[in-house]
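For the numbers below, each heavy atom of this structure counts, side chains included, while hydrogens, waters and symmetry mates do not. What you see is a predicted model; the values in this text were computed from it and never measured.
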Amino acid sequence: MKAKDFFVKNHVIFYGVICLAANFFAVLSTNLTTFPMPITTPMELWRDFMNRHELAVNILSLSAYIAPCVLCFLYAVRAVKFKKDDKRYIKIMVNIPMAFALLGIFGWIFSFVFELGYLLYFSSVFKVDITFIVISSLVATIFVSLLAFTLIFFTLETLNRNFVLPAMYPEGNISQTERMSISSIKNLFLFYFFSACLFPAAFLGARLFFTRYYHIDFPKYYDIVFAGLLVAIGFVLTILIYGYFQRPLKKLKNSADEISRGNYGVKTVICSNDEMGVLGDSFNEMAKSLKEKEFMRDTFGKIVTPQIRDYLLTKNVALGGETLDVTVMFCDIRGFTTLSEQMQPEKIVSLLNEYFTGLETCVARHGGVINKYIGDAIMVLFGAPMPSDTHALDAYKAALDMRAALVQMNKGWAERGLPEIRFGIGIHSGPVLAGNIGAANRMEYTVIGDTVNTASRIEGLCKTCQKDLLISESAAQKIQESQKSARTESLSQAQEAAAALPALQFVADAEIRGRKEKVRVFTVA
């Protein structure tokens, strides 16, 4: 078993040892920084009284160590009857530094109360003034209690935050656990101010007053030791409190960097129930929400194209639309009914998915958007929702890429014993009404108008004309205009375009159902 695991498993025992060590150090510090005690008759009588009651004095001294051990043990035993995920168990574990710190100084309070009783008895017997003795005893008790409390709380809190709680609750989420008041950041700094500044100043002031009032001379090393002790305690507290914020903030920064890189599954674990713990849990909730939104966005981009998704996510979700000049492409598989009768449904779906993926790659490469999947056919938009001045030329290039991609796909399918697929593509350019069409609670982004119907009819002519690609005259004119525009911009680009794109060839003046005028259609070799 690793040392860290052994410590976490037996942390309560180690916490108890730390409480004892802190109390011992506090007593040692008190002896090295003795409060000035004048040589007066009451003091001499009190010392003689304590020497004659040595047994009671020893019992009081031991109680400062025994009482905290018993009380801390009883507090820890409470956790045994609760399960690890029980809120009461979490509360005990989270508050154990504060609880042990408070219980750890109970012995000194207990000792002072009994000492006060002895002093009252002593005063009644010897008829002397015990004011100074009570004040000096009270100051010493406050000093040793504060020092012990500070050492216990900050030591255990540091161990609890960095080792015990992260091991016991690797997922965190303990910020909502009810906490003792000092665990808040505000009260933590107020206590730090009191223990590292206010009380030492008051202690030094009181010591200076009694030293001058009773004309007591102390060795200079007393003040040096006391000042050194205060500086050491202040330095250690500063380092510990700095660690309370530096480590969690570093975790948050690293997690934020991961999120900025698109890793929304990142999680920061801050095991505390103060404001830093609340911030850590809120950060994790934010990351979880971003992950869910990214999943929805990614899923939405698979149901509709990413371009339409982004268009709708920019708050363009109202019903209605706008008139745009676009190019519409229809692509349909030839003989799909016969093909589907020869294959099992699972294989047909698999084949279609592979086929559509290949076509979508070609379409996206040239800025097109697959607006609809209509059985074995697709409807593609160029120039919507993102406007384009070269939408007809883009559609033409995409169609040529689709023809080449189908050749490669057919080769792969033939090797796997799958049937060959043939398609027909119809392209037409013109004005359309583009926007969100449907009901208020169920709509889709699409285009409507005569241009759409004409493109669909031209695709249907592919069967009659025995061609796999037909382009309307309006689309052909826009293609030629885009090519001429490219020539004026750069001769090398025009030469490259002329070499890459085959010339359009006139096919026929075709009659289209629903139109009085014939439509001139073109193709490529």
Pairwise side-chain contact, [X] with [Y], heavy-atom cut-off 4.5 Å (strictly under):
{"X": "Asn160", "Y": "Val164", "result": "yes"}
{"X": "Phe153", "Y": "Leu102", "result": "no"}
{"X": "His391", "Y": "Leu381", "result": "no"}
{"X": "Ile96", "Y": "Tyr75", "result": "yes"}
{"X": "Ile374", "Y": "Ile378", "result": "no"}
{"X": "Asn284", "Y": "Val266", "result": "no"}
{"X": "Met402", "Y": "Val363", "result": "yes"}
{"X": "Pro385", "Y": "Val369", "result": "yes"}

Inter-residue atom distance [X].[atom1] - [Y].[atom2], 0.5 Å rounding:
{"X": "Phe14", "Y": "Ile18", "atom1": "CZ", "atom2": "CD1", "result": "8.5 Å"}
{"X": "Leu279", "Y": "Lys251", "atom1": "CG", "atom2": "NZ", "result": "12.5 Å"}
{"X": "Ile259", "Y": "Lys267", "atom1": "CD1", "atom2": "NZ", "result": "12.5 Å"}
{"X": "Trp108", "Y": "Ile142", "atom1": "CH2", "atom2": "CD1", "result": "14.5 Å"}
{"X": "Ser111", "Y": "Ile105", "atom1": "OG", "atom2": "CD1", "result": "12.0 Å"}
{"X": "Asn162", "Y": "Leu159", "atom1": "CG", "atom2": "CG", "result": "7.5 Å"}

Ignoring hydrogens, what is the shortest heavy-atom contact between [X] and [Y]? Give both atom names and the distance.
{"X": "Gly368", "Y": "Phe382", "value": "CA-CE2, 3.4 Å"}
{"X": "Phe106", "Y": "Leu71", "value": "CD2-CD1, 3.4 Å"}
{"X": "Leu324", "Y": "Gly383", "value": "CD1-O, 4.2 Å"}
{"X": "Gly280", "Y": "Leu252", "value": "CA-CD2, 4.3 Å"}
{"X": "Cys362", "Y": "Ala398", "value": "O-CB, 4.1 Å"}
{"X": "Pro68", "Y": "Gly104", "value": "CG-O, 3.5 Å"}

Exceeds 12 heavy-atom contacts within 6.0 angstrom, atom [atom1] of [X]:
{"X": "Lys253", "atom1": "NZ", "answer": "no"}
{"X": "Arg247", "atom1": "CZ", "answer": "no"}
{"X": "Asn263", "atom1": "CG", "answer": "yes"}
{"X": "Leu138", "atom1": "CG", "answer": "yes"}

Could you check whether Asp257 pairs with Arg261 (Lys NZ or Arg NE/NH1/NH2 to Asp/Glu carboxylate O, under 4.0 Å)?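 No.
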
Mind checking whether Phe193 and Phe189 have ring centres under 6.0 Å apart?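 Here the rings of Phe189 and Phe193 have centres that are no less than 6.0 Å from each other.
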
Judged by atom type as modelled, is there a donor-acceptor pair below 3.5 Å linking the side chain of Ser388 to the main-chain atoms of Ala384?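 Pair absent, no side-chain N/O of Ser388 close to backbone of Ala384.
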
Asp376 side chain vs Leu352 backbone, donor-acceptor pair below 3.5 Å: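 No, Asp376 side chain to Leu352 backbone: no donor-acceptor pair under 3.5 Å.
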
After noting the C-alpha distance and the side-chain angles of Thr150 and Phe154, does the key distance pass the side-chain contact (heavy atoms from CB on, under 4.5 Å) rule? CA-CA 6 Å; Thr150 302; Phe154 283 101; 3.7 Å; yes

Passes side-chain contact (heavy atoms from CB on, under 4.5 Å), Val12 versus Phe73? Steps please. CA-CA 9 Å; Val12 175; Phe73 174 78; over 6 Å; no

